[in-house]
Amino acid sequence: MARLLLHACCGPCSLEPVRSLMEEGYEPTICWTNPNIAPAAEHELRLTTLLDWARDTAHLDVIIAGDDRAAWERTVAPHGFDRPARCRACYAQRLGEACRVAAAEGFTCISTTLAVSPYQLFETCTEELVRLAGAYGLSPVIRDFRPLYPNATRASRELGMYRQNYCGCRFSAAEAQIERQLARDARKAGRPSGHAG
Ligand code: SF4
C-alpha cells in the first residue's frame, strides 16, 4: 500500500478519516500544519490534543510541519470576511505545506481530515488538494468523510477530547459567534435556523 501523509486539522476530525483509511489498507502518518489557528493558546491546545491522541490511542507518527503565521497573514487574512476566497487561500497554504513535506519525505499519497467536517468548503478543499498534489507529483486520496462526522463527534466526546466550536481563524471565531446568536434568536422566535461551524 502506498505511503499516505494525512494532513490533520485537529484531533477530533482525525478519528474517522484515520479509521476509514486504515480500513482501506493505508497506514497514515499525520501531518500538522495549521498556522490559521488563533489565538496561540488555542493553536497549542489543538496540537496537544492531536499529539496525545496520536501517541496514546492511535499509535501513529505525527510530523509537525511549518506553521508560517506571517505567510497566513500575508496571503489569507487580507480576504477578511470573504469566506470562499479566504478558505481557498487557507487550504492552499496548509495543503501546500503538507504536500511539500510529503514529497520531501517520500510519501506518494496525500489526504486531509478537513474532508470530515460539514462546515468546511468540501469542493474548494478538494480542488486545492488535487491541484497541489499534482504540482508535487503525489496522488490525492479524495474521500467524502462528511457522513462520518456524527461518529467523529460521538467518539471524540467519549475520549474526552477537547472540541473547538469554530474552524480556527479569528474570522471564523467571529462568524461562529454570530451564527450561534442567530440560532438562539431563531429558537426564541420559534423559527428554524441553520448552523455554521
Ligand atoms: S474558516 Fe477555517 S478554513 Fe476558512 S480561513 Fe478560517 S481557519 Fe481557514
Side-chain angles (χ1 to χ4, degrees), residues 5-17 30-51 62 64-102 110-133 135 140-146 148-149 152-153 156 161-183 193-197:
L5 191 66
L6 177 65
H7 164 256
C9 59
C10 66
C13 284
S14 301
L15 303 182
E16 287 299 302
I30 303 267
C31 177
W32 170 272
T33 167
N34 298 298
N36 52 313
I37 301 169
E42 175 76 17
H43 179 275
E44 288 312 300
L45 181 54
R46 294 192 198 185
L47 174 56
T48 301
T49 301
L50 174 72
L51 291 174
V62 179
I64 299 180
D67 269 333
D68 191 341
R69 289 171 183 279
W72 194 92
E73 290 296 331
R74 265 196 322 277
T75 63
V76 184
H79 293 292
F81 288 97
D82 178 352
R83 189 171 176 217
R86 185 186 78 221
C87 293
R88 183 180 289 280
C90 187
Y91 298 146
Q93 182 180 347
R94 291 190 280 165
L95 298 175
E97 173 65 1
C99 286
R100 183 192 69 74
V101 169
I110 185 83
S111 190
T112 178
T113 64
L114 289 164
V116 79
S117 170
Y119 307 120
Q120 297 298 329
L121 307 181
F122 181 82
E123 285 75 19
T124 305
C125 184
T126 297
E127 286 169 12
E128 290 302 313
L129 184 59
V130 168
R131 179 179 70 79
L132 289 157
V141 176
I142 306 296
R143 300 289 182 272
D144 186 352
F145 295 122
R146 288 175 293 181
L148 301 174
Y149 188 72
T153 301
S156 56
M161 297 173 95
Y162 167 67
R163 296 180 47 78
Q164 63 273 4
N165 64 1
Y166 65 102
C167 182
C169 66
R170 58 186 181 275
F171 303 103
S172 66
E175 288 161 351
Q177 204 168 9
I178 290 167
E179 286 293 329
R180 285 192 292 274
Q181 185 58 54
L182 288 173
S193 69
H195 187 293

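When a ligand or atom number is given, it counts from 1 through the structure's own listing order.
For L45, the side-chain contact (heavy atoms from CB on, under 4.5 Å) test picks out T49, Y162, with sequence neighbours left out. With sequence neighbours left out, R69 forms a salt bridge (Lys or Arg N to Asp or Glu O under 4.0 Å) with no residue at all.
With respect to R94 and E97, no salt bridge is recorded, no charged nitrogen being found less than 4.0 Å from a carboxylate O.
Screening residues 33-45 for salt bridge (charged side-chain N to carboxylate O under 4.0 Å, His left out) gives E42-R46 as the qualifying pairs, with residues at least two apart or on separate chains.
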Worksheet entry | side-chain contact (heavy atoms from CB on, under 4.5 Å) evaluation trace for H7 with L129 | CA-CA 10 Å; H7 164 256; L129 184 59; over 6 Å; no

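Tally of protein N, O or S atoms closer to atom 8 (Fe) of ligand 1 than 2.8 Å: 1.
When side chains are defined from C-beta on, C125 does not count as touching E128, because their heavy atoms never get closer than 4.5 Å.
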